[in-house]
Amino acid sequence: MTARGILSRRELLGAGVAGAGLMAMGGCGPSPQRRPAAASSGAGAIRVASMAASTKDTLDPAKGAMATDYVRHYMLYSGLTSIDDDSLRPRPALAESFDSDDRITWHFRLRRGVRFHDGAPLTSADVVHSLRRHNDPAVASKIAAIAAQFAEVRADGRYGVTIRLAGANADLPTLLAQAQFLIVKAGQDHPDGTGTGAYRLAQFEPGVRTLVVRNREYWIPGRPHLEQVELIAIPDETSRVNALLSGDVHAIHAINPHSLPRIEASGTCEAVVTPSSLYTNLIMRQDHLPTSSPDFVQAVKHMLDRPLINRALFRNTAMLGNDQPVAPVMPYFNRELPQTVLDLDRARWHVRRGGLNGLRLPLYCSPAATGSVDMASILQEYGSQVGLEFAVNRVPADGYWSTHWMRHAMTFGNNNPRPTADLVFSLFFQSNAEWNESGWKNERFDRLLTEARGEADEVRRGELYGEMQRLVHDRCGIAIPVFISLCDGYDKRLKGIQPIPLGGFMGYRFAEFARWED
């Protein structure tokens, strides 16, 4: 395979592609004759296709919820910190420095001379406004549960900001690098794209496209390299790949691994495959019956044929999951947790003990959640062997997240990579998290999460995160069969691309680094 993968240190993150799989896609072979694309001029204007868009697309970083939002927001705005591409640790960005003596009170010094797209200078007032607004219920911030840690955010002069937390958190600089914490202008209750980012907004049509142009006054010298980026969505994966191969777009993400041979054989495009903590999970709501039954949850978890899912759906590019969200590539991964395996006898035992035999239950899946349609079919097949009948409802990608996700007893999620265990636990498993997908509530888990944030001893911190992984594995209504490698495709004339395991499109930040070379 010629797809670029993680190099040097990251070679330890996972195995490469192997095996042909059981569900190979048709239509493999040479790509169609390449048509000149209007966006591929020497001026460096490109078109990029994500996998999802909706009328809820937003210019407000606090409301960002999908990969398309993250790409848009990272083009328009900057954060106090960013994640280093190699070490995956936080580094200064709009803040030229940050420090804390106790991990409770944090001091940030801002860069001087940074300007918003309208010429206004960046000051501490902008940062204070941006961070405080997450705690305003009217904003409906997607990370309000994390921002609830902010006991106080205040300005220290024109270029200083102090954040005092309700409890110690050593990961604060990493959290502030997330897309939702990007900095908007003071006084803007409804951010309009006026940021300090590498690109200026030219056009925005929710659900249709975003058009940005180079910010020639960007605060990082020499960036960006492209003159224009048009961001659209093509929900169907085959159509997305065809658009890349025909030259209608120049970069795509969320590629089915079975499409990789087509891209590699094209001669004009290449794939980047990156092991990551991305996962598609089966959600069993704990506030519905019968999915709240521990026997139902355990039966389902022992019906998942994880090696088959990896082989058939992902051509062995994935890593086996174990029903908790900390991937083997992440710090604090609990290697002592016993691996749940396919065990139909044990699944039948749980079905009988729970009085579930003959139960018929709808299961909602969608192309919007990578691999969920095939996972649902596999689950349906094994369910029929243990006494459970799943009625698979395949629904369109368009509107899935607003209409179906978490709204039925059984649905699928698709969760992007997160840089820390604290972040993924805080967003998806803490009792009061907006994205607590299964509605699971566990007081001990919540206490351990708070304790781990402030723990200075790394060994003890690892023990705390290890116990949290065990609690989720044993008791939560979430099944995670595999961790999915990120598969992006690029026109070979697009340079400066490298694999970053924090999300597709180089952790959603590719537009700042990419350049066009004919």
Side-chain angles (χ1 to χ4, degrees), residues 61-62 73-136 141 143 146-188 191 194-199 215-224 419-420 422-423 453-454 456 502 507 509 512-513:
H73 296 157
Y74 277 123
M75 289 193 294
L76 297 172
Y77 304 97
S78 306
L80 283 176
T81 61
S82 63
I83 302 298
D84 182 79
D85 296 343
D86 294 318
S87 70
L88 301 185
R89 295 186 178 276
R91 63 184 180 189
L94 290 180
E96 65 181 7
S97 66
F98 53 84
D99 64 83
S100 175
D101 293 331
D102 57 7
R103 301 174 306 284
I104 294 177
T105 301
W106 291 82
H107 304 282
F108 296 82
R109 300 302 304 175
L110 302 183
R111 297 183 187 276
R112 304 191 181 207
V114 177
R115 293 190 176 274
F116 286 91
H117 299 152
D118 62 0
L122 172 77
T123 71
S124 55
D126 303 299
V127 176
V128 170
H129 167 74
S130 298
L131 299 184
R132 284 181 177 175
R133 64 191 300 267
H134 292 283
N135 290 321
D136 180 356
S141 170
I143 52 173
I146 294 175
Q149 300 176 44
F150 300 162
E152 181 184 20
V153 181
R154 69 173 188 269
D156 290 332
R158 187 171 175 82
Y159 296 104
V161 175
T162 294
I163 302 174
R164 182 173 59 83
L165 303 177
N169 191 338
D171 287 336
L172 179 64
T174 299
L175 298 179
L176 293 176
Q178 303 310 297
Q180 289 86 357
F181 281 124
L182 296 172
I183 302 303
V184 302
K185 281 192 66 176
Q188 283 200 342
T194 303
T196 60
Y199 294 87
N215 176 14
R216 297 185 180 279
E217 297 179 358
Y218 187 44
W219 55 275
I220 299 181
R223 299 184 197 166
T420 68
D422 177 79
L423 189 57
R453 286 173 185 154
L502 296 179
R509 297 179 61 228
E512 184 172 341
F513 305 96

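As a basis for the values below, the full set of heavy atoms in this structure was taken, side chains included, without hydrogen atoms, waters or symmetry mates.
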If I take atom CG from residue Asn169 and atom CD from residue Gln149, how far apart are they, to the nearest 0.5 angstrom?
5.0 Å

Candidate list Val161, Leu110, Leu182, test side-chain contact (heavy atoms from CB on, under 4.5 Å), partner Leu80, passing option:
Leu110

Parallel, tilted or perpendicular, as decided by the 30° and 60° cut-offs, for the rings of Phe98 and Trp106:
tilted

Evaluate the side-chain proximity of Tyr74 to Glu512: yes if any heavy-atom separation is below 4.5 Å, no if none is.
no

Distance-only, no hydrogens or angles: does the Thr194 side chain make a donor-acceptor pair with backbone N or O of His117 under 3.5 Å?
no

Evaluate whether atom CG of Asp118 has more than 12 neighbouring non-hydrogen atoms of other residues, nucleotides or ligands under 6.0 angstrom away.
yes

Heavy-atom nearest pair, Ala95 first then Phe108, reads CB-CD2, 4.0 Å

Under 3.5 Å donor-acceptor, His134 side chain and Ile146 backbone
no

Between Ile183 and Tyr77, is there a side-chain heavy-atom distance shorter than 4.5 Å?
no

Between the OG1 atom in Thr196 and the CZ atom in Arg115, the distance rounded to the nearest 0.5 Å is 12.5 Å

Got a sec, which residues hit side-chain hydrogen bond (donor to acceptor under 3.5 Å, both in side chains) with Asp99, two or more places apart in sequence or on another chain?
none

Full working for side chain to side chain contact (heavy atoms under 4.5 Å, CB included) between Phe181 and Thr81
CA-CA 9 Å; Phe181 281 124; Thr81 61; over 6 Å; no

Evaluate the side-chain proximity of Leu131 to Phe150: yes if any heavy-atom separation is below 4.5 Å, no if none is.
yes

Are Leu423 and Ile143 close enough that some pair of their side-chain heavy atoms sits under 4.5 Å apart?
no

Are the side chain of Ser82 and the backbone of Ala93 linked by a donor-acceptor contact shorter than 3.5 Å?
no

Do Ile163 and Leu176 have side chains that approach each other closer than 4.5 Å (heavy atoms only, starting at C-beta)?
yes

For the residue pair Lys185 and Ala120, what are the closest heavy atoms and their distance?
NZ-CB, 3.9 Å

Is there a donor-acceptor pair closer than 3.5 Å between any side-chain N or O of His129 and the backbone N or O of Gln188?
yes

Measure the spacing between OG of Ser100 and CG of Leu172 and express it to the nearest 0.5 Å.
8.5 Å

Nearest heavy-atom approach of Gly157 to Ser124 is O-OG, 2.7 Å

Could you state the interatomic distance from CD1 (Ile104) to CG (Asp102), rounded to the nearest 0.5 Å?
4.5 Å

Donor + acceptor pair across side chains of Arg89, Thr174 (<3.5 Å)
no

For Arg164, side-chain hydrogen bond (donor to acceptor under 3.5 Å, both in side chains) partners two or more places apart
Glu152

Has Asp84 got a side-chain atom pairing as donor or acceptor with Pro90's backbone, closer than 3.5 angstrom?
no

Close side-chain approach of Tyr159 to Glu96, heavy-atom, < 4.5 Å
no

Expected output: side-chain Arg103 to main-chain Gly454 donor-acceptor under 3.5 Å
yes

Hey, are the side chains of Pro61 and Val184 touching, using non-hydrogen atoms and a 4.5 Å cut-off?
yes

I want to check something: taking the side chain as every heavy atom from C-beta on, are Phe116 and Asp126 in contact at a cut-off of under 4.5 Å?
yes

